[in-house]
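First listed ligand is number 1; within each ligand, the first listed atom is number 1.
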Amino acid sequence: MQAPETVAGVAVDVAARLAAIGGRIAAAEAAAGRKPGSVALVAVAKTHPAAAARAAIDAGQRAFGENRVQEAKAKWPALREAAPDLALHLIGPLQTNKARDAVALFDVIETVDRPKLAAALAREMDRSGRRPSCLVEINTGAEAQKAGIHPAGADDFIAACRATYGLPVDGLMCIPPADDEPALHFALLAEIARRNGLARLSMGMTADFETAIQLGATHVRLGTAIFGPRRARGG
Ligand SMILES: *Cc1c(COP(=O)(O)O)cnc(C)c1O
């Protein structure tokens with residue numbers, strides 16, 4: 001048997017998994033009566049080596065997610081040379097002091113979750129002229145330890161992102177509590193987006209993306225289904 005680390009083996013696996021996932025997304029769109037191609041797949045490459053991401057690029061995948069600025073900075077500038085049209089999404093918590101790197105590196109920042117960060121991103125966009133699209137992360141389960149805006153404060157925060165900070169906010173993102181029915185959280189996120197006139201909904205991961213598509217996801221974020229189990233992080 002081929003060792004899972006070999007580049008050729010990774011490429012075959014990643015291409016086959018992407019094809020299978022594409023089929024499942026299409027089936028879920030059809031089942032929900034949604035237009036073919038209305039859901040974008042964001043391939044979450046965190047902890048996986050550049051070779052795995054490269055295999056996905058070679059298979060035609062163009063949207064990718066990373067949850068750490070440092071890891072993205074090490075991995076993606078070289079990969080972008082191979083595929084200048086790819087879109088890199090930040091899906092992990094962002095420290096204010098990394099706003100500069102985040103604005104420089106990412107095309108979509110999915111985790112805008114507090115006024116101080118919104119202000120830092122706005123400053124950096126003004127300074128650099130780069131304007132990655134922004135999603136507001138909502139803590140739909142109102143979990144104490146979790147990032148994201150409390151649902152009760154969502155409308156005010158979205159309004160402030162637009163009016164006070166002038167951020168290009170065009171959607172919402174959530175990570176439901178691990179032990180809860182995800183459908184309730186997806187429906188809540190969709191409702192907050194609807195009443196705020198936001199078109200993009202980033203919701204659904206490997207375990208629940210078909211439910212998310214049923215409830216209106218425009219972006220699903222899949223890691224394990226494409227790249228296999230995550231690696232331990234190196235130093
Ligand atoms: C890691 C991660 C994912 C991907 O999770 P899988 O279950 O491996 O598909 C999606 N969204 C966020 C925010 C993540 O951190």
Enquirer: Please state which protein non-hydrogen atom is closest to atom 10 (C) of ligand 1 and give its distance, to 0.1 Å?
Expert: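 Ranked first by proximity to atom 10 (C) of ligand 1 is Met205 SD, 3.2 Å.
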Enquirer: Output yes when a side-chain donor or acceptor of Asp180 lies under 3.5 Å from a complementary backbone atom of Pro177, and no otherwise.
Expert: no
Enquirer: Taking only distance into account, with no hydrogens and no angle test, what donor-acceptor pairs under 3.5 Å do side-chain atoms of residues 35-48 form with protein atoms, sequence neighbours excluded?
Expert:
| from | atom 1 | to | atom 2 | distance (Å) |
| --- | --- | --- | --- | --- |
| Ser38 | OG | Lys35 | O | 2.6 |
| Thr47 | OG1 | Arg231 | N | 3.1 |

Enquirer: Does either side chain, that of His185 or that of Thr140, offer a donor lying less than 3.5 Å from an acceptor on the other one?
Expert: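 Short answer, yes.
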Enquirer: Under a 4.0 angstrom heavy-atom cut-off, which atoms of ligand 1 come close to Arg221?
Expert: 4 (C), 9 (O), 10 (C), 11 (N), 12 (C), 13 (C)
Enquirer: Of the protein's non-hydrogen atoms, which lies at the shortest distance from atom 9 (O) of ligand 1, and what is that distance?
Expert: Thr206 OG1, 2.5 Å
Enquirer: Please write down residue, atom name and distance for the protein heavy atom closest to atom 12 (C) of ligand 1.
Expert: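 The closest one turns out to be Ile91 CD1, 3.5 Å.
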Enquirer: Using a 4.0 Å cutoff against the non-hydrogen atoms of Arg230, which atoms of ligand 1 qualify?
Expert: 1 (C), 5 (O), 6 (P), 8 (O)
Enquirer: Examine Gly223 against ligand 1 and note whether any of their N/O atoms are separated by less than 3.5 Å.
Expert: yes
Enquirer: Which of the numbered atoms in ligand 1 are under 4.0 angstrom from any heavy atom belonging to Leu222?
Expert: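 Here the atoms of ligand 1 in question are 9 (O).
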Enquirer: Take atom NZ of Lys73 as the centre, draw a 6.0 Å sphere, and report whether it contains more than 12 heavy atoms from other residues, nucleotides or ligands.
Expert: no
Enquirer: Geometry only, no angles: is Thr224 polar-contacting ligand 1 at N/O separations under 3.5 Å?
Expert: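 Yes, since at least one N or O of Thr224 sits under 3.5 Å from an N or O of ligand 1.
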Enquirer: Should we say atom CZ of Arg54 is surrounded by more than 12 heavy atoms from elsewhere, each under 6.0 Å from it?
Expert: no
Enquirer: Side chain, backbone, both or neither: which applies to Lys46 and ligand 1 if a contact is any heavy-atom pair less than 4.0 Å apart?
Expert: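 Only the side chain of Lys46 comes within reach of ligand 1.
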Enquirer: Please enumerate all residues that pass side chain to side chain contact (heavy atoms under 4.5 Å, CB included) together with Thr164, with sequence neighbours excluded.
Expert: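 Partners of Thr164 by the side chain to side chain contact (heavy atoms under 4.5 Å, CB included) criterion, ordered by chain and then number, come out as Ala160.
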Enquirer: How far apart are the closest heavy atoms of Ala225 and Thr206, and which atoms are they?
Expert: N-OG1, 3.1 Å
